[in-house]
Amino acid sequence: MDEKSVATAMQLRVRSNWEQLQSEVADAVARSSRPADSVTIVGVTKYVDLNATRCLLDAGCHDLAESRPQSLWSKAEQLADHSPRWHLIGHLQRNKAKRTIPCLHLMHSLDSLRLLEQLETDCAATGKKLDVLLEVNVTSDESKTGVRQDQLSELLDGVAKCSHIRLRGVMGMASLEGGSDQARRDFAAIRGLFESIRGQSANSESVDVLSMGMSGDFAEAILEGSTMIRVGSRLFDGLES
Ligand SMILES: *Cc1c(COP(=O)(O)O)cnc(C)c1O
């Protein structure tokens, strides 16, 4: 195939993956007896280059996520005329906060008091208000990131003191092992934390984002109350890279 037909094939493939995903999400939302618009799909573009990312935008996915700040900066700059809403889903080092903040629609990965304090300082310097999710860890996996339950109250107290940081909810992942049943249990535990945080919050109506569910488990997450899923590999299935 020449370059142009390769580009067209990519566009068609990503569009069909996007439409298929939307229809599966709609089924799961209907099964969870919630309104059709109650789940936002965030397209995770960390595996793909700028061209494939642009295909996803063209297909109609306007919420995009990266896990590495450097990739987010460069794609945000190059896709500025499409103005996607950018989400950061990976760990942020404090020395990268300042440059990342202006790009962000929502930060999913607040995981320490030190990072919180850095975000507050950098946001205060420009007057920006930043929406954040606390990344929680309910699994027994060694490698997983996120705040454990015994560190939660310290972080929540910290958030309450930061006038530029708006806590919108939590992000979490299911265990790597244990399949669909374990995923449902993990998601139920994450939702429990979300509800308890919302209950303790001074403005509980703005704590409204429960970010859970990925390519392999978004249906389980939606059934457990997810309002935002982060899907990567499913959307780029079948692309040669
Ligand atoms: C990579 C990643 C995703 C997307 O994973 P897929 O299984 O490819 O859909 C979602 N959330 C986080 C935090 C990730 O790092």
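Both counts, for ligands and for their atoms, begin at 1 and track the order of listing. No experiment lies behind these values; they were computed from the predicted model shown.
- No side-chain N or O of Ser112 forms a donor-acceptor pair with one of Arg114 less than 3.5 Å apart.
- Near Val231, meaning under 4.0 Å from any of its heavy atoms, are these atoms of ligand 1: 9 (O).
- Applying side-chain hydrogen bond (donor to acceptor under 3.5 Å, both in side chains) to Ser211 and the options His87, Glu135, Arg168, His108 leaves one that passes, His108.
- Not close to ligand 1: His108, with no non-hydrogen atom less than 4.0 angstrom away.
- Residue-to-ligand polar distances place Gly232 within reach of ligand 1: an N/O pair is separated by less than 3.5 Å.
- For the pair Ser175 (side chain) and Thr139 (backbone), a donor-acceptor distance under 3.5 Å is absent.
- Atom numbering of ligand 1 starts at 1 in the shown order; those under 4.0 Å from a heavy atom of Ser215 are 6 (P), 7 (O), 8 (O), 9 (O).
- In this structure, Asp58 has no salt bridge (Lys or Arg N to Asp or Glu O under 4.0 Å) partners at least two apart in sequence or on a different chain.
- Taking all atoms of both residues into account, the shortest heavy-atom contact from Val207 to Leu167 is CG2-O, 3.6 Å.
- Around atom CD of Glu19, more than 12 heavy atoms belonging to other residues, nucleotides or ligands sit under 6.0 Å away.
- Counting only heavy atoms of the protein, atom 12 (C) of ligand 1 lies nearest to Ile89 CD1, 3.5 Å.
- In terms of protein heavy-atom proximity, atom 11 (N) of ligand 1 is closest to Arg230 NE, 2.8 Å.
- Selection from Lys46, Arg234, His91 by nearest heavy atom to atom 2 (C) of ligand 1 gives Lys46.
- In summary, the atoms of ligand 1 found under 4.0 Å from a heavy atom of Tyr47, numbered by their order in the structure, are 1 (C), 5 (O), 6 (P), 8 (O).
- Screening residues 59-78 for salt bridge (charged side-chain N to carboxylate O under 4.0 Å, His left out) gives Asp63-Arg85, Glu66-Lys75 as the qualifying pairs, with residues at least two apart or on separate chains.
- Ligand 1 places these atoms under 4.0 Å from at least one heavy atom of Ser233: 6 (P), 7 (O), 8 (O), 9 (O).
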